[in-house]
Amino acid sequence: MKILIPVLLLFVASLPLSAVADTSAEEVTQPPLVAGAKDPMVVLAAVRADLSTLKAEFTQYELTQSNKKVDINSGTVWMATPSQFRWQYVDPIEQLIVADGSQVWVYDEDLEQVTVKQQNNNLNPIYVIINDELSQQHYDIRYVTTDKQIDWISLTPREESEDVKYVWLAVENNAISTIKVFNTYDQIMVFEFAQIEKNPDLDQQLFQFTPPEGVDVIQAIGE
C-alpha cells in the first residue's frame, strides 16, 4: 500500500494525545477561545527563535471517528528556513519528498517514478515552523488551551480549501510536537514529532533532488 501524500506536503514527539487531541472525527469543531489565553504569536515566536534548521523523527497517521490510528507511517524529517524540507518515509515503505524552495519532488523508488510540482502550497502547515511571514499571511492564528504544559494553537485558512479546514498545533518546550490537519470531510491527519534537534548542521544537498537514471519523471497537472 502506497503512502497517501498529505496536505502537509502535497495534501502534509511521540506524545500521548491530550484531552484536546482526543477529539473524534464526529466532534470536529473549533474550540472556543479561552479567557486569559496566551498570545499565540508569542508562543510561535519562541518556536522559531534563532531557528535555521530542524531535524526530527515523525509518526504520521489518520485518526478515525472512533479515535483509532490507521495508515501509520514513520521516518525522518529535515527542515531549513524559510521553505526547504525533506521527508524520508521508512516504515512501512520507503518514499522520499524533497522541497528545494521552488519545486517539490516525490520519489517512489518501488514504482521507479518521480512526481514534480511547483512549491506553491501556501497552506502547508510546515511554514508555521519555518516561515513566519507565510503562516501569518495565510492563516488566522489563535490560542486554544494549555493541557499538561502543552500549548494548543489553532490555525484557520483565510482562503477556502477542501484539504485544510483548520490545523491544531501542540507546542511543548518551545517546539511543535504534534500537527493535526482537519479537512472539510472531517478527516484528521496527525503528525507526531520526537527527538527534535534545533539547528543541527545539515548538508544543503539534503534539500536538492536529482532523479535517478531510468525513472519516469511526471510533471504534476497544471504545473
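Partner Gln95 forms a side-chain contact (heavy atoms from CB on, under 4.5 Å) with one of Asn73, Val106, Val90 and no other, that one being Val106. For the side-chain hydrogen bond (donor to acceptor under 3.5 Å, both in side chains) with Asp151, the lone residue among Asn174, Thr146, Thr145 that qualifies is Thr146.
More than 12 heavy atoms of other shown residues, nucleotides or ligands fall within 6.0 angstrom of atom CD in Gln204. At most 12 heavy atoms of other shown residues, nucleotides or ligands fall within 6.0 angstrom of atom CD in Glu112.
Under a 3.5 Å cut-off, the side chain of Arg158 and the backbone N or O of Gln136 do form a donor-acceptor pair. In this structure, the side chain of Asn199 does not engage the main chain of Leu51 through any donor-acceptor pair within 3.5 Å. Remark: side-chain polar atoms of Thr53 are paired, donor with acceptor, to backbone N or O of Pro200 under 3.5 angstrom. No donor-acceptor pair under 3.5 Å is formed between the side chain of Tyr107 and the backbone N or O of Glu109. Between the side chain of Asp147 and the backbone N or O of Ile150 there is no donor-acceptor pair closer than 3.5 Å. Proximity of a side-chain donor or acceptor of Asp203 to a complementary backbone N or O of Gln205 within less than 3.5 Å is detected. Without hydrogens or angle criteria, Arg86 side chain to Leu206 main chain gives a donor-acceptor distance under 3.5 Å.
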List the steps and the verdict of ring pair (Phe, Tyr, Trp, His ring centres under 6.0 Å) for Trp168 and Phe182. CA-CA 8 Å; Trp168 288 354; Phe182 301 77; 4.8 Å; yes
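The two residues Gln119 and Ser83 make their nearest non-hydrogen contact at NE2-O, 2.6 Å. Taking each heavy atom of Val114 and Trp105 in turn, the nearest pair found is CG1-CE3, 3.6 Å. Ile130 approaches Gln84 most closely through the heavy-atom pair CD1-O, 3.9 Å.
Aromatic ring pairs are classed by plane angle as parallel below 30°, tilted from 30° to 60° and perpendicular above 60°; the pair Phe58 and Tyr89 is perpendicular.
Classification of Lys198 and Asp50 as a salt-bridged pair fails, no side-chain N sitting under 4.0 Å from a carboxylate O.
A single hydrophobic cluster is not seen to contain both Leu202 and Ile129; linkage of ILVMFWY side chains at heavy-atom distances under 4.5 Å, directly or through other members, places them apart. A continuous path of Ile, Leu, Val, Met, Phe, Trp and Tyr side chains, each step under 4.5 Å between heavy atoms, connects Val215 with Val98, placing both in one hydrophobic cluster. The hydrophobic cluster containing Val47 also contains Ile153, counting ILVMFWY residues as joined when their side-chain heavy atoms lie under 4.5 angstrom apart, directly or transitively. Residues Tyr143 and Ile176 fall within the same hydrophobic cluster, defined by Ile, Leu, Val, Met, Phe, Trp and Tyr side chains chained together at heavy-atom separations under 4.5 Å.
Two residues are said to be in side-chain contact when any heavy atoms from C-beta on lie closer than 4.5 Å; Val77 and Phe191 fail this criterion. Residues Ile93 and Asp110 form no side-chain contact, since every pair of their non-hydrogen atoms from C-beta on lies 4.5 Å or further apart.
With no hydrogens or angles considered, no side-chain donor-acceptor pair links Glu192 and Thr178 at under 3.5 Å.
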